[in-house]
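Letters A, B, ... are given to chains in the order of the sequence lines, protein chains preceding strands, and every chain is numbered from 1.
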Number of protein chains: 2
Amino acid sequence: MTGPARILLADDHALVRRGVRLILDSEPDLTVVAEAGDGAEAIALARAEQPDLAILDIAMPRLTGLQAARELSRTMPGLRILILTMYDNEQFFFEALRAGANGYVLKSVADRDLVEACRAAMRDEPFLYPGAVTALIRDYLDRAARGQDQPERAITAREEEVLKLIAEGHSAREIAQLLFISIKTVDRHRANLLQKLGLRDRLELTRYAIRAGLIEP
Amino acid sequence: MTGPARILLADDHALVRRGVRLILDSEPDLTVVAEAGDGAEAIALARAEQPDLAILDIAMPRLTGLQAARELSRTMPGLRILILTMYDNEQFFFEALRAGANGYVLKSVADRDLVEACRAAMRDEPFLYPGAVTALIRDYLDRAARGQDQPERAITAREEEVLKLIAEGHSAREIAQLLFISIKTVDRHRANLLQKLGLRDRLELTRYAIRAGLIEP
DNA sequence: CCGGAAATGGGTGTCAGCACCCATGGGCGA
DNA sequence: TCGCCCATGGGTGCTGACACCCATTTCCGG
């Protein structure tokens, strides 16, 4: 017996943090030991507090929950990770799996499922909401049907970074200066994003990012 | 003595509703008597339950919190209204005041201020977060300085039509074909819109249209 | 150890967005 | 009636977005 699971909670809205904390702390086997307001703070607090489980919102300033999840699952392999998001979006769901998340919970059903998802993660079992399971099965069947000839490449970490900046209204030149890379490289990332997502221009990229919850309008 | 204030809570995320409910119900003078997941449901429940106070999120399906606030302040004059939102946006803030809201609270600071805002509303006093107060004062000073000499030309009907189409992602060429006018005229309307709204490009026009509720994201 | 993917960056060309210039005809209020 | 604003549209030119071409380095997994 080692006491309740120690949880790090990261969301940029204090109100959501407070609500989730009240829900989790009312369970005897779960306790929130730290709260972060952005992805960078989440990483710092995870290192300082060594929690058992991190609950990460996707849409956060500085680093998104997915970026933080990649970093945390790489540097702290024992840490369980739950992604908590507003949006039912398959692209981000698959990315969350690749980023090392143990579970993916929608905020719209989190009041019912979140506690169960935490317990599943602590047992090192995956937890997915029903829609995600459906998408996963469909994707599995798709791959089986195609014989994995096309692994349909996903958005990379760097591409997500560029996507966020484009959607925030920055020009290619500004992004190049922010990331210390050439305009041509920004052009290439943008082109890859447009091709992978099947979109036409940066305006559609912006809509996509808003719908996906990467940024706020 | 009439017992605790009866509150209607409207937000499309069950998780946020649950958090807010836990916060408010722990105060002896506040009690949540109904929860709505969208603006239309909020109006129906307000009529059925006759609460003292309605807390409305802006971003909701069917009817936004602002639309619901307009309807409620018109048909139920005794009802106090608090707008609760993610966005620190002056446009929304002024719209909320015009829609009859008694208070405007940001989700990012709601864990601290929400209870106080509810009590202020029940005393029929306004409650605004500090940034909103600053914006209100600046706007007042602006108007005083101009002495309303310039009615600051409004968007014309034709310009709004073009704005909508631009925000929906149509190119100037497409809009010209849709409206049976020349590309150059579309160019001119766009230029006038950019100048009147103080924006830079069609991407910012799109954000503006989304925020103004002209189109759906 | 080799092949592929990710990240980097250069060149070239087309086109749309946007700024600035200009003019004309119609409607409406002072 | 006169002037103003609106809607219309033409010309010119710059710049950024985007497509398609190319190459190099690094790193990781089979």
- Contact pattern, 5' to 3', of nucleotides 16-28 of chain C - B, S or - by protein heavy atom under 4.0 Å: SSBB-BB------
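Contact annotation: A/S182 side-chain N/O to C/dT8 OP1/OP2 distance is not under 4.0 Å. Between A/T156 and C/dA5 there is no side-chain N or O to OP1 or OP2 distance below 4.0 Å. For D/dG9, neither phosphate oxygen OP1 nor OP2 lies less than 4.0 angstrom from any side-chain nitrogen or oxygen of B/H189.
Remark: B/E161 engages B/R158 in a side-chain hydrogen bond (donor to acceptor under 3.5 Å, both in side chains) (not counting sequence neighbours). With sequence neighbours left out, A/E41 forms a side-chain hydrogen bond (donor to acceptor under 3.5 Å, both in side chains) with no residue at all.
Residues B/G103 and B/L82 come closest through the heavy atom pair CA-CD2, 3.4 Å.
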Distances under 3.5 Å between protein N/O atoms and the N/O atoms of nucleotides 27-30 of chain D, please, pair by pair.
none

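Checked by atom type and distance alone, the side chain of B/D201 pairs as donor or acceptor with a backbone atom of B/E204 at under 3.5 Å. Using modelled atom types, no side-chain atom of A/D11 and backbone atom of A/V16 make a donor-acceptor pair closer than 3.5 Å.
One end of the helix from C/dC1-D/dG30 to C/dA30-D/dT1 points its axis 40° away from the other end's axis, with each axis taken from 5 pairs and the angle rounded to 10°.
The side-chain hydrogen bond (donor to acceptor under 3.5 Å, both in side chains) pairs that include a residue from residues 162-176 of chain A are A/H170-A/E174, where partners are two or more places apart or lie in different chains.
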